[in-house]
Amino acid sequence: MGRKSWIWWVGTLLLWWSCCSSKIAMAEKYIKYKDPKQPVGVRVKDLLGRMTLEEKIGQMIQIDRTVATIQIMKDYYIGSILSGGGSTPLLKATAADWVNMVNDYQNGSMSTRLGIPMIYGIDAVHGHNNVFNATIFPHNIGLGASRDPELMRRIGDATALEVRATGIPYVFAPCIAVCRDPRWGRCYESYSEDPKIVQEMTDIIIGLQGEIPNGSRKGIPYVAGKKKVAACAKHFVGDGGTTKGVNENNTAASMHELLSIHMPAYSDSIIKGVATVMASYSSWNGRKMHANHDLITGFLKGTLKFKGFVISDWQGIDRLTSPPHGNYTYSVETSILAGVDMVMVPYNFTEFIDDLTYLIKNNFVPMDRIDDAVERILSVKFTMGLFENPYTDFSLINEVGSQEHRNLAREAVRKSLVLLKNGKTANDPLLPLPKKVSRILVAGSHADNLGYQCGGWTITWQGFSGNDATSGTTILSAIKSAVDPGAEVIYVENPDSKYASSGFDYAIVAVGEHTYAESAGDSPTLTIADPGPDIINNVCQSVKCVVIVISGRPLVIEQYLPSIDALVAAWLPGTEGQGITDLLFGDYGFTGKLPRTWFRTVDQLPMNVGDPHYDPLFPFGFGLATSKSTVARSVSAGAAGRPCVLGIMVSVFIDDNKPAQNLNSVEAKQQSSLLQDFNHTSCSSSHSEVVTVSLYPIKEIMAELDLIKQETAEELDQSLDQHESEGLPENLLLEMKEEPSLLESKQEQEQEQVQEQKQEQEQGQEDVAATGGGGERWPGWPGESVFRILVPSQKVGSLIGRKGEYIKKIVEESKARIKVLDGPPGTSERAVMVSAKEEPESSLPPAIDGLLRVHRRVVDGLESDSSHPPPTVAGKVSTKLLVPASQAGSLIGKQGTTVKSIQEASSCIVRVLGSGSFLCF
């Protein structure tokens, strides 16, 4: 072979080798788990197959930031870091400080062989509560009083933004415990004693994580991008049912009780795609939850099909022994075999690594259990997009404590407050308070203390006292902002009775509990913290007073009630104290209802709605409602049974020709008998709502109504054309209908209902104006007009949510009320209802102005137009009040001063018409 031939062969071989090497390099460069186009399951399987035992164990560990370093993250393949309560990068650290810290730790994780990002977690249980200047929302007990799942979604969304703004993608929230005994130190972390309310409040998960796509498999975790966070339903399971409310104690309950009371919210959370579940410190019938294979692996992962990962609580596995950490190898083995996937160590991570490695290599813990745990952890990380976006920039830092979020928190405070008493008599309410007065006394240890106002889990684990740890508005500051500039607001924390008597128009007293968290809050006495009782006695016996109770649960209060004019349960409202004054001074009405029973004495505990020994001071669901013109008593139904109210219709007929004293003895006896019957009637929710309805002869106004309905519909069409650019749904249906007269015969009403049902079946439309969906009736205020819009469910948010500028404008300009109810049975629509009072002059949008003309032209026209002759008594203009059976006697009896004054001012008759069960809301 010649020299040239040899050179040619060598060159060919080199070229061939180069091509092969290039193809091999390209094949090795493509790594399947790093390809975002691959399904999550494929990526997890590929990555898991590349991992060593050390790397797998590392993913199962969560350590506190105080022991984390970049080098530790790299050397031990740590899967997660957390900030425990109060664990911050700096005192009053900014959002940018947090971002820099989290990114630094992430550098360690991303520099490992496989580049698996760590996930940083934090307790964001009522807003981003560890972070300076963040928005602090009311604690869960207050949110439970709102009964508003849509509000929960918005709070979840705001919290997710503030948490992501600091570089953190994972929150240990929500707590979905069902607190059955207020002596428990974590009761304020529970939405309610009623599992149904807790289920509804799990909508916060949708706000935190995003709404799971249609068609998703049950149990699959879901987190919708870089502005959402992974949530954690906690504490699985039964943490709120421990004996005597002792934290971390034993819940003695049957399987039926466990499944019917404590488990339902977990099922709802899993359906909504919750990413993680935290095990409880507590035990169930003597068996520690961190060691309960039957419930964690068998029920949670098996029956409920949960596919996310289970995380332990802080040093939760250590507490499997007594004393804690007494046999750590046993604790590691038992908890991992039970189904715990990630362990919040949080400090002694090398001991955990050594023990778990020993257990695996000696076949005490099978490798498939480790693989299952790591698969679950990696699935959440891939689903969240952590592999594509492991780092955080500064684009969201202005979301922390934003004005939009503070406005939302202020709204949440308004909806969470429960009015327990308003006036020493029903006819002499104290609230709303006048703003234009001379002197206002503000007293109490909680009136000017932002820390007390926020409660535990704020800035530090146990909370703080004072006003310097974060920013917000105290009750005192809110009062000064709300009242007339000429009013003198004087704050004295603990005035004596002599000072309180020195010429104040009224006093506002704020007292309650000091801050606490977890076991530090366990209380066998549940008393108001000193000097609260003395303040109430000194002030409220000297001047008209409203007492605001700042607490994480009901407290012993009965002994102080006689001296208190008005009593408000404000729970732990957070940083936005102006939400309290919004209600005190009547800018908004009270709507909150007790999320748990308010007991008389601690000797009654535990006592929950439905218990045979139920004898509360204020029952579950109790709450007085106020507006600028009315005061109403409203109580929701208990945990079981359809909501209803028992009441008596009291009718006042105006008749100038028949004096009041003509009421004969037979009628009086009938009234007395009926009242006695009602006073002895029992019902699961035997309470009522006071409703005033203006009634007019139906036949007299039908033509007028038809004309105005047509005009209003045309005006609404024009108004909608003007607002098309604002995203309103196209297929709006406007329906208006006069409230059915109580003077119509039962037969006429039944015939009308049959005709309506027939039309519904033929046309596929529902009369939302009459039923409001699900048979619920929309109560009118005196002099109020109502319109209802039937819209597709998916369009409700755009109509009345943040972007619903049209409805928002109506509400702002008319001070209208708005409510969303389920649509009629068999439809996918929901009913959006807006009601507004009459205004003499209107600059409102055409639609609402047309509605107000209904009132002006019908009500005023009938009374002033000579073409309408005065009707007979049987069809006379009348006002009817639905009142509690127990109070009907005081309304129309000897002490009925309100009705008595009506009788004296004008010739009228008061009659008791009848009774029945009426749907309430």
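The structure presented is a predicted model; accordingly, all values stated were derived computationally and were not measured. When reading the values below, keep in mind they use all heavy atoms of this one structure, side chains included, and skip hydrogens, waters and symmetry mates.
- In this structure, Asp522 has no salt bridge (Lys or Arg N to Asp or Glu O under 4.0 Å) partners at least two apart in sequence or on a different chain.
- In this view, Phe599 satisfies the ring-ring contact (aromatic ring centres under 6.0 Å, His included) rule with no residue, not counting sequence neighbours.
- Not counting sequence neighbours, the partners of Tyr188 by the ring-ring contact (aromatic ring centres under 6.0 Å, His included) test are His139, Tyr516.
- With sequence neighbours left out, the side-chain contact (heavy atoms from CB on, under 4.5 Å) criterion links Ala134 to His128, Val131, Glu162, Val400.
- Under the ring-ring contact (aromatic ring centres under 6.0 Å, His included) criterion, Phe590 pairs with no residue at all, not counting sequence neighbours.
- Cys187 pairs by the disulfide (SG to SG under 2.5 Å) definition with Cys179, not counting sequence neighbours.
- In summary, the side chains of Thr597 and Glu193 do present a donor paired with an acceptor at a separation below 3.5 Å, with no hydrogens or angles considered.
- Defined by atom type and a distance below 3.5 Å, a donor-acceptor pair is present between the side-chain atoms of Asn449 and Ser465.
- Applying the side-chain hydrogen bond (donor to acceptor under 3.5 Å, both in side chains) rule to Asn407 yields the partners Gln403; only residues at least two apart in sequence or on another chain are considered.
- Legend: residues meeting salt bridge (Lys or Arg N to Asp or Glu O under 4.0 Å) with Arg180, ordered by chain and number and at least two apart, are absent.
- For Asp615, the salt bridge (Lys or Arg N to Asp or Glu O under 4.0 Å) partners two or more places apart in sequence, or in a different chain, are Arg600.
- A search for salt bridge (Lys or Arg N to Asp or Glu O under 4.0 Å) contacts involving Glu518 returns Arg186, not counting sequence neighbours.
- Smallest separation of non-hydrogen atoms from Val543 and Tyr506: CG2-CA, 3.9 Å.
- Here the CG atom belonging to Leu567 is positioned 9.5 Å from the CG atom belonging to Leu624, to the nearest 0.5 angstrom.
- Leu143 places none of its side-chain heavy atoms less than 4.5 Å from the side chain of Trp571.
- By the 30° and 60° cut-offs, the orientation of the rings of His446 relative to His514 is parallel.
- Scored by the disulfide (SG to SG under 2.5 Å) test, Cys175 finds no partners at all (sequence neighbours excluded).
- With sequence neighbours left out, Cys454 forms a disulfide (SG to SG under 2.5 Å) with no residue at all.
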